[in-house]
Each structure stands twice: as structure tokens, then as C-alpha cells.
Amino acid sequence: MPRRNPTSGLARGHDLRILAVLCLLATAIIGQPRVSAREDSQTLEYPVKAAFLLNFTKFIEWPSPAKTAQEASFNLCILGDDPFGSILDQTVRGESVEGRRLEVKRVNRESLGACNIVYVSKSEKAVSEILKAAGPEVLTVGEGENFLRDGGMIAFIIENRRVRFGVRLATTRESALRFSSRLLSVARLVEN
Amino acid sequence: MTAAASSRIVERFREMPIGRKLLVLMMAPVAVALLVAGIGIVLSDSAFFSSYLQRDIETLVRILTDNTTAALAFDDPKSAEETLAALRAKTHVVAVCIYRDAAMFARYSRDADTNACPASAPPDGVKWSRRTAVASRGILLKGRRIGALVLFYDLGELYERMVLYGATVLVLLIAASIVGFVLASRLRPIIATPIAQLVRTTSQVSVTKDYSIRAPKLSGDELGALVDTFNEMLASIQGRESDLSRALEARGEALRDAQRARDSLATTLASIGEAVISTDVEGRIVLVNRTAQILLGWPEEEMLGKPIGEVFRTVNELTREPAESPLASVLREGPPIESANHTVLLGRDGAETPIDVSAAPTRDASGAILGTVLVFRDVRSRRRAAETSRLLASIVESSDDAIIGHSLDGRITSWNQGAERIFGYPAAEMIGQSAAVIAPAGGNEMIGVLDRIRRGERIEQYYALRCTRSGKTINVSITVSPLFDAFGRIVGASKIARDMTVQVQAAERLAQLNADLNLSNERLARSNEDLERFAFIASHDFQEPLRMIAVYSQLLFKSHKESFGSDAQAFVDNIVDGTRRIRDLLSDLLAYTEVGVRPEETVHELDLNTVLEKATQNIRSSIEGSGAAIHADALPSLRGHEGHFIPLFQNLIGNAIKYRSEKPPEVRISVKHTGGVLRFEIADNGMGIDPQYHGSIFVAFKRLHGKQIPGTGIGLAICQRVVERYGGRIWVESEAGNGSTFVFTLPDDLYVEKQEAFHG
């Protein structure tokens with residue numbers, strides 16, 4: 001059940017923001033001439049990825065948190081260099097996941113414990129080790145198919161100058177998260 | 001349906017035979033029940049199906065929105081379209097459109113090249129139109145609307161289903177009706193056959209009058225009971241009928257005996273010429289024969305039993321008083337009576353017949369009167385004979401001719417007033433005398449005539465001389481015929497003599513006049529012939545001296561030109577011109593006389609086309625000079641002389657050209673075979689001829705124009721002579737200024753049937 005924010009004014013604010021993002025997306029895909037497409041896709045890449053990150057939370061069933069963590073926020077952590085800047089913060093502002101407020105955190109390898117989602121930036125090396133440390137209840141998101149081979153759950157892929165994402169089914173099965181089949185139906189499934 | 005129409009249907013149903021009524025009674029409820037059930041099934045099914053369809057569409061839309069949420073959330077229209085492509089299996093889904101906000105995101109279309117999607121999504125819900133249902137629903141992601149899906153559903157399915165159901169119900173209805181009809185047809189005879197059998201028996205009895213017929217009993221129900229009752233009725237009628245016919249036979253035998261007796265009497269009465277009526281004592285008619293029926297104008301069956309006074313009505317012919325019925329007096333007094341003359345019978349239609357009547361009573365053996373017999377006879381023919389002889393006698397007496405009867409020995413037996421007038425002797429003096437009294441002294445031819453009369457001959461009109469009492473001799477025309485008695489024997493002669501003295505004298509004078517006339521005709525013809533011969537010789541012999549005058553005067557001028565004055569040339573020209581005119585005149589005159597002087601010329605078959613050719617050749621210079629156009633029909637061949645017909649055509653065509661108007665002359669020659677004559681027409685467009693001259697132009701030397709148009713004045717006289725010589729006529733039809741048509745006719749016995757082209 002989606003939980004509505006008690007103040008309708010805020011809710012409308014969120015709607016408008018999402019709408020703005022989607023509009024930008026639509027213009028980027030449909031409206032722009034091909035010549036400047038590369039440039040635009042680069043400038044639009046991270047707003048799209050930010051929107052996708054938010055949307056992932058809605059197609060995944062999260063394990064119930066421990067009693068103590070129920071009042072805590074739902075943390076979206078960025079590990080390594082932050083490519084989003086303020087875009088991600090704007091995107092998730094006021095959003096919640098299963099009743100918990102969604103917050104963006106910039107973390108390092110040592111402070112992954114409170115994260116529900118870890119976005120592994122391109123800057124990070126020895127990714128497989130980070131992933132092992134993250135545990136099966138944390139959604140790991142990274143860049144490129146190699147991220148999946150390293151044991152990541154979802155990887156952003158650029159395909160025909162558009163942002164898509166890939167999933168390795170074996171990995172998702174091992175995790176404690178329940179991925180919606182609808183999410184999988186739009187993902188690029190990668191084996192090994 | 002109007003009341004009249006429904007009552008007509010009821011009326012027709014009432015007139016149907018029972019068999020068909022049963023069929024209708026069995027079939028009608030079945031058909032109606034099936035029809036109502038069928039309509040109910042189709043209507044309810046279509047209602048149920050449409051609500052089912054709505055649910056189905058809603059479900060489909062919900063599934064589709066769920067399955068495309070992710071695609072919309074992760075901006076993957078391709079994935080959405082793949083999902084939608086699964087709808088191929090649902091053939092009634094026309095199109096599905098997915099909108100992200102206002103913009104089209106993905107779409108599916110059953111027919112690839114059509115785009116049914118509107119620019120923006122309609123409000124949520126299902127909208128039904130006649131052919132399509134449009135279902136629209138928002139796509140929600142965790143309660144937030146991120147887009148909309150619109151589905152177009154083709155309702156053809158609904159209608160197809162209704163048609164299919166309707167057709168199925170109709171087929172079932174027809175099949176059920178056929179089965180019902182067959183079943184009903186099989187079952188119907190159970191009721192219909194016994195009734196039909198009973199009807200057939202009753203009509204058989206009614207037609208044949210045979211009361212021994214019985215109706216067969218085919219069932220034990222009410223119909224069986226009806227048959228039994230009917231048969232009993234027939235049996236009782238049969239018994240009564242045989243009693244009746246026995247009684248009738250006995251009576252008929254008695255009647256035939258009586259009839260035979262009466263027939264022999266009736267035959268006798270029918271064959272006699274007198275009318276007979278007999279009555280009983282009351283005066284009622286008991287018998288009339290045929291003659292009486294004819295005279296009275298009543299048929300026998302109407303007269304029998306009537307009082308005689310009603311049909312036998314008589315009046316006195318002179319006084320017009322009703323005569324007392326002779327029967328009344330016979331019955332009163334007893335003895336037979338003969339009625340007086342002048343009794344007239346008044347027929348039924350008022351016709352009057354003069355009759356002789358006698359009446360007598362009839363008596364039985366004891367002498368008592370039983371009735372009367374009235375016998376009467378038509379006396380018209382006897383009267384007519386008497387009237388005829390009176391008429392003949394008065395005709396004889398009033399005749400102007402002498403009508404004298406002779407006995408075969410020559411004595412005079414009758415002498416009418418005409419004879420008295422012509423011969424002067426009164427009848428009283430001549431009857432009994434010999435006919436020789438009026439014969440002339442020379443002898444009496446009557447003796448020979450009487451011999452021929454005895455042989456039965458009739459002597460038609462011959463002329464003879466007779467002497468009158470005053471001693472004058474007169475011419476008479478006599479016709480003698482034999483007189484016969486009633487048995488056809490010759491008993492005398494009737495001589496009719498007419499005084500012909502005046503006529504004979506007139507005839508003699510006429511013969512004298514005729515002889516005188518012939519004599520003077522002969523003289524005239526002779527002098528005419530002399531004259532024509534003279535004219536012929538003169539015109540022929542003048543030619544040469546005239547030519548000499550012309551030639552020598554020209555020669556004189558040429559030889560002594562220098563000694564003549566300047567006028568000499570003109571004078572010589574005048575001389576030559578004068579002689580030429582005289583020569584023309586003479587040659588025409590010659591032609592004119594030639595037509596008359598050689599009447600016995602042998603005739604040849606003459607092709608008039610050739611004649612026309614020659615005639616136009618002769619006057620070619622004037623035709624060419626005037627620019628005349630000559631049109632001619634194909635002309636026939638005739639028996640005739642070329643020397644007559646060439647001048648005929650030449651003169652008529654020549655005149656047409658000579659008396660032309662300002663227009664170039666045009667001559668049209670046509671011929672028609674009509675009413676026993678060949679009718680030729682030579683029509684021109686010339687100056688025409690005033691009708692007052694139409695008669696005189698054919699007279700020789702008669703000319704209408706002076707010297708300005710040269711001519712001899714003989715041309716038309718020649719034409720007339722030629723045409724009349726061949727038994728025809730010539731005349732002109734013209735008006736001044738309007739052209740002329742010369743018409744001549746020739747009898748068609750001249751005509752040689754040869755030229756196919758000529759259909760006169």
C-alpha cells in the first residue's frame with residue numbers, strides 16, 4: 001500500500017517534480033535532433049539514473065526491518081565519487097519506501113551498514129569485495145555489465161544512447177530482496 | 001390489422017375444409033410458441049452477453065495497465081509494445097494506446113497501418129458506441145498516476161453473436177415447424193377421414209338418389225354415432241321411396257291408356273283444315289286442334305279449361321258489334337247453327353281474320369248435351385281471289401289499249417273500253433262476232449295466229465292494219481297470248497292491240513330526213529377532200545417558184561450591184577425574208593394537210609423516245625440558242641406514223657421555247673396511263689396564256705402575238721389534227737404569266753406493251 005503524505009501540498013510538489021523529470025526525459029528522447037543527442041544524453045544521463053533509482057524501490061519487495069530500525073530512514077547510499085550532485089537529492093525529496101522516509105547518504109566502504117541501497121560509483125575499484133560486504137538485504141546498483149559479473153544486482157547500461165539497466169538473475173535469486181517480475185520484464189537479463 | 005382484414009381471415013378460415021383447419025389448429029400454437037421462445041433467447045442472450053463483454057473489457061484493461069506499468073516507469077516503450085502485441089490473439093481489440101501524461105508512449109493496432117489513437121487520452125471509464133467500446137484507465141505506480149491506457153474494442157462480436165443466435169433460432173423454428181407439420185399431417189386423418197367419408201357418402205346419395213348407399217363407420221366416437229344415425233335415416237327413406245314408385249307406375253299405366261285414345265282423336269283433328277274447339281256444358285274448352293291454335297293465336301295449354309268467350313271473340317265486320325258467341329246460342333237452343341257472313345275473329349294479338357263458323361252441341365247416348373263443338377274456317381284466301389279478279393277486270397276496262405278476248409274458233413268473248421275507242425264499235429255489238437269484222441279487206445292473219453295459240457305459243461308484238469267502224473285504216477301493234485282454264489287447258493286467246501298510227505308516221509318522216517342528211521354529208525366530204533388536195537398540191541408546188549424568187553432576186557442584186565441604189569440590199573433582204581416566211585407557212589400547211597389527206601397510211605410501232613429525240617434534233621438551234629432544258633419521262637411505244645408525232649412534239653416544245661418568259665425555258669414532258677387513255681403533259685415555265693384564248697389558239701392562222709414573235713399560226717392546228725386523228729383530245733391548262741401545260745390524250749389501244757420502264 002502506498003502511503004500518502006499527510007500534507008497534500010507536499011504530495012503535489014513531489015508529483016510536479018517527477019513530472020518535470022519525465023518531461024525532460026521525453027524531450028530528450030523524442031524532441032532533440034540527432035546531432036546534439038550525445039551531448040544531451042550525457043547531460044540527461046544522471047537525472048534519468050536518479051529517477052530509475054527511485055523507481056527501483058517501487059518494484060522490489062524489501063525484507064521487513066528489525067523492530068529497532070522501523071522508525072529509521074530508508075537510506076540510498078552513494079559509494080565513491082558522487083556523479084549526481086544535487087539531482088538525486090531533489091529527486092527523492094519527500095519520497096518514502098514502505099513507510100520509511102527515503103534519504104540520500106554519501107558513504108565510504110566502512111559505513112555501509114545502514115544502507116538499504118548502495119550505488120557504487122565508477123570511481124570504486126575491487127567492487128566484488130565491497131559487494132560481499134554489503135550483504136543480501138542491500139540492493140547494489142552500479143555501472144556496466146562487469147558490475148554484474150562482480151556480483152552486483154542491477155547495473156546501468158547505455159544502449160543506443162539511452163539509459164537501460166541490466167539484472168543477473170542468479171544474483172537476485174541469492175539475495176533476500178524480491179524483485180518484481182514487472183521490473184525484470186523491462187531489464188536486460190545478463191548471464192555470467 | 002383492420003377489423004375488415006381480420007374478419008376476412010376468420011371468414012376464410014371458416015370456409016376451409018376440416019382437414020386443413022385441423023392442420024392450422026395444430027401448427028399455429030407450435031409456431032407461435034417457438035417464435036416467442038426464439039426471440040426471447042436472442043434478446044436475453046444479447047443483454048447478458050453485453051454485460052459480460054463489459055466485464056471482460058474492464059479485466060483486459062486492468063491486466064494491460066498492470067503489465068505496462070514497469071515499461072512506463074522505466075521509459076521502455078518497446079517493452080510496452082511487446083506486451084501489447086500479445087493482443088493479436090484477441091481479434092476484437094482494434095487498438096490500444098498508452099499515454100504518458102499528454103504524449104503518446106506506445107500503441108498497438110490490429111491493422112498495422114491505421115492509427116486509431118486520439119491525440120490525448122479520454123477520461124477514465126468505458127464508453128459505448130454503436131460499433132466500438134472505448135475503455136480508458138489510468139496507469140498507477142504506487143498510487144500515483146503516471147499515464148493512461150486506452151483500448152478500442154470492436155463490438156462486431158456482439159452483433160455477430162446476435163445474428164448467429166438469430167439464425168440458429170430461425171433454423172430450429174423451421175425444422176420444428178417441418179417436424180410439426182409432418183406429424184400433424186400424419187395425425188390429421190384420424191379426425192378428417194371419417195368426416196370426409198361421411199361427406200362423400202351424403203353427396204353421392206344426393207347426386208345418384210340411390211338410398212341404398214350406406215356410410216362406412218370408421219370410428220367409435222361421436223362421428224361413429226353420427227354415421228349410424230345417418231344410415232338409419234337412409235334406410236327409412238329407401239323404404240318410403242319404393243312404395244311411392246310402385247304407386248306411380250300403376251297410375252302411369254292408366255294415364256297412358258287414356259292418352260292413347262285421345263292421341264288418335266287429336267291426330268284426326270290436327271290433320272283437318274278447319275279449326276275445331278270443343279267445350280263442356282259450362283263453355284270451358286276441353287279440346288282445340290292445331291288450326292284453331294294458329295287462328296286464335298293461343299297455345300293449347302293456355303286455352304284448355306278457359307271459358308270459350310275469352311279466346312273466341314268475334315265481331316260483325318260491318319257493324320263492329322260483338323257477335324253473340326255461337327256456342328251460347330247452341331247451348332240455349334240445341335240445334336246446330338251456321339253463322340252469318342261478315343264474322344271477324346279477333347286474335348289474341350288483335351289480328352282480324354274473317355271466318356265462317358258453324359257450331360253444334362255434343363250429346364251422350366241419352367241425348368243429353370255434354371258440350372259443344374265449334375268449327376270455323378279462315379275465308380281470307382277465298383276473299384282475296386274475288387278481289388283479285390275484280391281488280392283485273394277494272395285494269396282491263398281502264399286500259400288505253402284494246403284488250404280483246406277470243407274463243408278458239410275466233411269469236412270475240414270480251415271487248416274493253418279501249419277497244420271501243422280505237423275501233424269505234426261498242427262491246428255489245430262486237431261480243432259474239434267474228435274478229436274478221438275489223439280485219440282489212442286484204443285478209444285476216446288472226447286465223448294463223450289462233451293456230452299457234454292452240455299450240456300454246458305466245459305471239460309477241462307484230463304490226464298489222466285494221467279498219468275502224470268509220471272505215472279508216474289504222475296501224476296497230478298486236479300481242480296475243482293464250483288463255484287457260486283452271487286445269488291449264490287453252491280455251492282462248494287474249495289480244496292486246498295498240499294504235500300505232502302516229503308513231504308509224506313519225507318514223508317515216510325521220511327516215512326521210514336521215515337520207516337527206518347523208519346526201520349532204522357526202523357532198524361536203526367530197527368538197528373538203530378536193531379542197532385539201534388542192535391545198536396539198538398548192539403548198540407543194542409553190543415551194544419551187546418561191547425558192548426561185550429568192551435565189552434570182554439575190555443573184556440580180558449581186559450581178560448588178562453597181563446599178564442599184566443604196567436601198568437595194570434592204571429590199572432584197574425583205575424579198576428573201578418574205579419568201580422564207582411564205583415557205584415556212586407552206587411547209588406547215590403541207591404538214592397540216594398531210595395529216596388529213598393520207599388517212600390509210602400504214603402504221604408502225606413507234607418508240608416515242610426516238611420521236612422526241614428527232615423532234616428536239618429538228619429544233620436544236622432554238623433549244624441551244626435559248627438555253628432551254630428539256631426533261632422527259634420514259635415514253636411508251638405506240639402504233640402510229642412518225643410523220644405525225646414528230647411535228648406534234650416539235651410544235652409543242654417549239655412553242656414552249658418560243659413563248660418563254662425572262663427565265664431560261666424549262667420543258668417537262670410526262671405521261672400517265674389513266675382511265676383508258678395515255679395522258680401526255682408538256683409543261684413549260686413560259687409566259688402562259690390567258691384562259692380566254694384557250695379555245696382559239698388551236699384554230700389555224702390564229703395568233704395571239706404579232707410580228708414580235710415570228711410564227712405561221714398553224715403549229716397548234718397541226719397538233720390538234722394529229723391528236724384527233726388518233727382519237728385523242730388536246731387542250732391547254734395555263735394562266736398568263738404562270739407557264740402553260742399542253743395536255744393531250746391518246747386512247748390506250750395504241751399503246752404497245754413493251755417498254756418495261758413505262759408504268760403509266
Side-chain angles (χ1 to χ4, degrees), chain A residues 1-5 11-12 14-31 41 44 47-49 51-61 94-99 102 154 156-157 159-160 162-167 179-189, chain B residues 59-90 96-109 115 117-121 123-124 136-151:
Chain A
M1 278 295 283
R3 189 98 54 81
R4 280 252 135 163
N5 225 305
R12 198 175 299 138
H14 291 175
D15 285 356
L16 283 172
R17 259 198 311 281
I18 295 269
L19 216 117
V21 171
L22 291 173
C23 280
L24 274 171
L25 257 171
T27 350
I29 295 159
I30 303 160
S41 68
L44 282 170
V48 171
K49 283 176 179 172
F52 276 23
L53 280 171
L54 173 63
N55 279 349
F56 289 150
T57 66
K58 298 175 180 174
F59 289 94
I60 291 169
E61 221 174 278
E95 291 286 341
S96 62
V97 177
E98 303 197 342
L102 183 57
I154 296 176
F156 287 118
I157 302 164
E159 207 178 81
N160 290 335
R162 295 180 58 154
V163 178
R164 307 291 349 149
F165 61 92
V167 171
F179 286 77
S180 160
S181 65
R182 289 188 274 166
L183 176 70
L184 297 178
S185 74
V186 291
R188 301 290 173 269
L189 299 179
Chain B
T59 310
L60 189 61
V61 168
R62 193 166 299 150
I63 290 170
L64 286 175
T65 52
D66 281 355
N67 287 344
T68 51
T69 313
L72 196 60
F74 293 104
D75 182 30
D76 194 353
K78 215 164 109 193
S79 164
E81 278 176 358
E82 274 164 17
T83 307
L84 294 181
L87 289 170
R88 290 271 165 235
K90 280 269 189 187
V96 181
C97 319
I98 297 175
Y99 299 85
R100 183 159 58 194
D101 309 310
M104 171 72 66
F105 174 70
R107 67 186 172 91
Y108 156 79
S109 181
N115 183 11
C117 295
S120 62
D124 287 4
S136 179
R137 186 182 157 89
I139 298 176
L140 303 178
L141 179 59
K142 295 283 176 196
R144 185 180 298 146
R145 186 186 177 102
I146 57 169
L149 183 140
V150 181
L151 182 140

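As a basis for the values below, the full set of heavy atoms in this structure was taken, side chains included, without hydrogen atoms, waters or symmetry mates. So that the names make sense, note that chain A is the first sequence line, chain B the second, and so on, each numbered from 1.
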| B/Glu82: what forms a side chain to side chain donor-acceptor pair (under 3.5 Å) with it, not counting sequence neighbours? | none
| said: With heavy-atom distances below 4.5 Å as the criterion, would you say the side chains of A/Asn55 and B/Leu141 are in contact? | reply: yes
| note | On a heavy-atom basis, the closest approach of B/Ser79 and A/Ser185 is OG-O, 3.9 Å
| task | Report yes if some heavy atom in the side chain of B/Asp76 is under 4.5 Å from a heavy atom in the side chain of A/Arg164; otherwise report no. | result | yes
| said: According to ring-ring contact (aromatic ring centres under 6.0 Å, His included), who are the partners of A/Phe59, at least two apart in sequence or on a separate chain? | reply: B/Phe74
| field | Under 4.5 Å from a heavy atom of chain B, the part of A/Phe165 involved | value | side chain
| query | If only atom types and distance count, is the side chain of A/Arg162 paired as donor or acceptor with the main-chain N or O of B/Asp75 below 3.5 Å? | reply | yes
| With respect to chain A, which residue among B/Asp66, B/Asn67, B/Thr68 yields the maximal number of heavy-atom pairs within a distance under 4.5 Å? | B/Asp66
| Is B/Lys142 salt-bridged to A/Glu98, cutoff N-O under 4.0 Å? | no
